[in-house]
Visitor: 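A single structure is presented below for examination.
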Amino acid sequence: MVRARIRAIIYKDAMFQKIIKLKDITELNIDRYGDYTLTLTYFAHKNKIDNRITRIKLPENDNDYQNSLRIDMPVSDILKNNTISAVCLFAKDNAYPDGSVSLRELNNQVSNFPHECAGYKIVSSSRENYNEESPVRLDIPIIAIMVDDIEKKICLIEAV
């Protein structure tokens with residue numbers, strides 16, 4: 001049953017999904033969740049005919065959750081962006097191949113940010129190349145936080 005596997009879905013409501021601010025994640029209990037890995041997460045369905053994966057909205061109930069794929073990408077880099085008032089989290093990939101970031105590491109890093117950064121939103125960021133001279137960063141808002149006690153992950157759910 002899903003409830004035994006997932007401890008909590010925080011800031012999720014069937015009618016509303018909140019844009020997560022930095023203070024929302026730093027208020028998680030560090031003593032309990034500090035060693036949990038941060039992941040950028042989205043949900044998807046796999047087409048049975050061609051095996052194409054299509055992103056879907058955050059599942060709203062246990063049945064929807066059971067019938068979807070949860071794709072977790074470990075966070076490996078953090079960047080504060082004052083221009084857009086956001087903390088950008090990058091998934092582990094070729095550009096950011098280092099190890100995964102824990103909640104404690106994120107908390108330690110952001111503790112050096114000025115107080116006004118607590119209101120910054122958290123975004124999932126990736127780099128795209130439209131041509132070799134012009135890399136572009138794509139930012140996707142984080143809309144929910146899910147705590148997975150079994151896999152010891154803090155899943156930051158991306159908007160669709």
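Index from 1, following the sequence.
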Visitor: Using the test side chain to side chain contact (heavy atoms under 4.5 Å, CB included), find all partners of Ala118 that sit at least two apart in sequence or belong to another chain.
Guide: Lys23

Visitor: Could you verify whether a donor N or O on one side chain and an acceptor N or O on the other, from Ser125 and Asp139, lie under 3.5 Å apart?
Guide: yes

Visitor: Measuring from Tyr36:OH to Ile30:CD1, what's the distance to the nearest 0.5 Å?
Guide: 12.0 Å

Visitor: Do you reckon Ile53 sits in the same ILVMFWY cluster as Leu40, going by side-chain contacts under 4.5 Å, direct or chained?
Guide: yes

Visitor: Suppose we screen for salt bridge (Lys or Arg N to Asp or Glu O under 4.0 Å). Which residues come up paired with Lys153, at least two apart in sequence or across chains?
Guide: Asp72, Glu151

Visitor: Sequence neighbours left out, what pairs pass salt bridge (Lys or Arg N to Asp or Glu O under 4.0 Å) with at least one residue falling in residues 35-46?
Guide: Asp35-Arg104

Visitor: Once side chain to side chain contact (heavy atoms under 4.5 Å, CB included) is applied, do any residues pair with Asn112, and if so which ones, sequence neighbours excluded?
Guide: none

Visitor: Report the residues that fulfil ring-ring contact (aromatic ring centres under 6.0 Å, His included) with Tyr120, sequence neighbours left out, ordered by chain and then residue number.
Guide: none

Visitor: Take Lys18 and Asp24 through the test salt bridge (Lys or Arg N to Asp or Glu O under 4.0 Å) and record every step on the way to the result.
Guide: CA-CA 10 Å; Lys18 177 180 174 184; Asp24 296 326; 3.5 Å; yes

Visitor: What residues, two or more places apart in sequence or in another chain, satisfy side chain to side chain contact (heavy atoms under 4.5 Å, CB included) together with Asp31?
Guide: Asn29

Visitor: Are the side chains of Ile157 and Met146 in touch, meaning some heavy atoms are under 4.5 Å apart?
Guide: yes

Visitor: Mind listing the closest non-hydrogen atom pair of Thr37 and Ser100 along with its distance?
Guide: CG2-CB, 3.6 Å

Visitor: Taking the side chain as everything from C-beta on, heavy atoms only, tell me whether Leu28 gets closer than 4.5 Å to Thr26.
Guide: no

Visitor: Output all residues satisfying salt bridge (Lys or Arg N to Asp or Glu O under 4.0 Å) with Glu158, sequence neighbours left out; order by chain, then residue number.
Guide: Arg55

Visitor: Out of Leu103, Leu106, Ile154, Leu89, which one pairs with Val75 under the side chain to side chain contact (heavy atoms under 4.5 Å, CB included) rule?
Guide: Leu89

Visitor: Hey, could you give me the SG/NZ distance between Cys88 and Lys80, rounded to the nearest 0.5 Å?
Guide: 11.5 Å

Visitor: Below 4.0 angstrom, N of the basic side chain to O of the carboxylate: do Arg70 and Asp148 qualify?
Guide: yes

Visitor: In Å and rounded to the nearest 0.5 Å, what is the OH to CD1 distance from Tyr33 to Ile25?
Guide: 12.0 Å

Visitor: By side chain to side chain contact (heavy atoms under 4.5 Å, CB included), which residues pair with Asn67, not counting sequence neighbours?
Guide: Asn63

Visitor: Would you mind telling me which of Val87, Val123, Leu156, Ile122 makes a side chain to side chain contact (heavy atoms under 4.5 Å, CB included) with Ile20?
Guide: Ile122

Visitor: Could you give me the CA-CA distance, side-chain angles and deciding distance for Leu58 and Val160, then say whether side-chain contact (heavy atoms from CB on, under 4.5 Å) is met?
Guide: CA-CA 8 Å; Leu58 181 62; Val160 177; over 6 Å; no

Visitor: Please name the pair of heavy atoms, one in Ile56 and one in Ser68, separated by the smallest distance, quoted to 0.1 Å.
Guide: CD1-CB, 3.6 Å

Visitor: Looking at residues at least two apart in the chain, or sitting in another chain, which of them share a salt bridge (Lys or Arg N to Asp or Glu O under 4.0 Å) with Asp64?
Guide: none

Visitor: Can you tell me how far CD of Glu105 sits from CG of Asn107, rounded to the nearest 0.5 angstrom?
Guide: 11.0 Å

Visitor: Hey, could you give me the CD1/NZ distance between Ile19 and Lys121, rounded to the nearest 0.5 Å?
Guide: 7.5 Å

Visitor: To the nearest 0.5 Å, what is the distance between NZ on Lys21 and OG on Ser85?
Guide: 8.0 Å

Visitor: Would you indicate whether the side-chain heavy atoms of Cys155 and Ile145 approach each other to under 4.5 Å?
Guide: no

Visitor: Would you check if Phe90 and Arg137 make a side-chain contact, meaning some heavy-atom pair closer than 4.5 Å?
Guide: yes

Visitor: Can you name the side chain to side chain donor-acceptor pair (under 3.5 Å) partners of Ser126, sequence neighbours left out?
Guide: none

Visitor: Could you tell me whether Arg32 and Asp149 make a salt bridge, using a distance below 4.0 angstrom between a side-chain N and a carboxylate O?
Guide: yes

Visitor: Within a strict 4.5 Å, meaning less than it, do heavy atoms of the Phe43 and Leu69 side chains meet?
Guide: no

